[in-house]
Structures are given as C-alpha cells and as structure tokens.
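Below is one structure, written out as structure tokens, with a few remarks after it.
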Amino acid sequence: RPLRNYTKEIQWAWEVAQKMSISLIPIENGSWFAMVGNEHGWKSPAEFIQFLQKGDFLTSGAAVGPSAPLMICTAAMKA
C-alpha cells in the first residue's frame, strides 16, 4: 500500500493543518506562509496580528516557500 505524500499532496497536508491549527496564507509570487497557531486558530486577522506582535513563538512553527503542502509540513515539524 503506497504511503501518503504529505509534503506534495494538499489533501493529505490539509489533515496535518487541521490537527495542528495551522494557518495558511498566500503571499507574493505564488509563495505560501504557514504558521501553527493556538488550539482554536484566530478569530480575525486583527487577532492574528496581535499574536505576531506579542512575539511568543515558543510553541509555534512557521514556514515560507513555494509549496503549500510542504510549508504546512515544515511548520508542523518546527512546532
């Protein structure tokens, strides 16, 4: 039975994103920003910005790059 390719297939990476409350944001030039959030995510963009301004990243992981599935997995591993 073939293994799931979490780093290349968004359908499998999305399972990781949901379990780890990862926010995925498209940025310039087709790149993606993925960040592990708190248990329930953020209720609004303003709440996300407040989290970033606090700078409390001990339990969060983040990644930026060209592939959404790979960035989800990278952020999860860093967390």
Side-chain angles (χ1 to χ4, degrees):
R1 178 171 156 182
L3 295 175
R4 295 177 178 175
N5 197 338
Y6 289 92
T7 61
K8 291 186 179 182
E9 301 289 334
I10 192 66
Q11 69 188 38
W12 306 123
W14 199 249
E15 288 182 5
V16 175
Q18 289 177 324
K19 286 189 186 267
M20 295 197 65
S21 299
I22 294 176
S23 295
L24 184 65
I25 302 169
I27 56 175
E28 292 180 347
N29 302 322
S31 292
W32 294 90
F33 172 72
M35 183 169 187
V36 177
N38 60 25
E39 191 174 313
H40 303 289
W42 296 280
K43 294 179 183 174
S44 69
E47 190 176 281
F48 176 66
I49 291 170
Q50 288 174 346
F51 173 80
L52 292 176
Q53 288 175 338
K54 286 180 184 175
D56 182 19
F57 304 120
L58 287 177
T59 60
S60 62
V64 176
S67 166
L70 181 58
M71 295 309 98
I72 289 170
C73 293
T74 302
M77 288 183 357
K78 288 182 178 183

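Side chains included, hydrogens not; waters and symmetry mates left out as well; all remaining heavy atoms used. Position 1 is the first residue of the sequence; numbering continues from there.
- In plain terms, the two heavy atoms of L24 and A34 that are nearest each other are CD1-CB, 4.0 Å.
- Of all non-hydrogen atoms in I72 and I10, the two that sit nearest each other are CD1-CD1, 3.9 Å.
- Rounded to the nearest 0.5 Å, atoms CG (N5) and SG (C73) are 8.5 Å apart.
- Atom OH of Y6 and atom CD of Q11 lie 10.0 Å apart (nearest 0.5 Å).
- Taken to the nearest 0.5 Å, the NZ atom of K78 stands 8.0 Å off from the CE atom of M71.
- Heavy-atom neighbours of W12 CH2 from other residues, nucleotides or ligands within 6.0 Å: above the threshold of 12.
- Nearest heavy-atom pair across P66 and W32 is O-CD1, 3.7 Å.
- Residues F48 and F33 come closest through the heavy atom pair CZ-CE2, 3.7 Å.
- Taking both residues in full, the closest heavy atoms of A79 and M20 are given as CB-CE, 4.0 Å, listed atom of the first, atom of the second, then distance.
- With sequence neighbours excluded, the residues forming a side chain to side chain contact (heavy atoms under 4.5 Å, CB included) with L70 are T7, S67, T74, listed by chain and number.
- For S60 against M35, the heavy-atom pair with the smallest separation is OG-CE, 3.8 Å.
- No single ILVMFWY cluster, assembled from side-chain heavy atoms under 4.5 Å apart, contains both I22 and I25.
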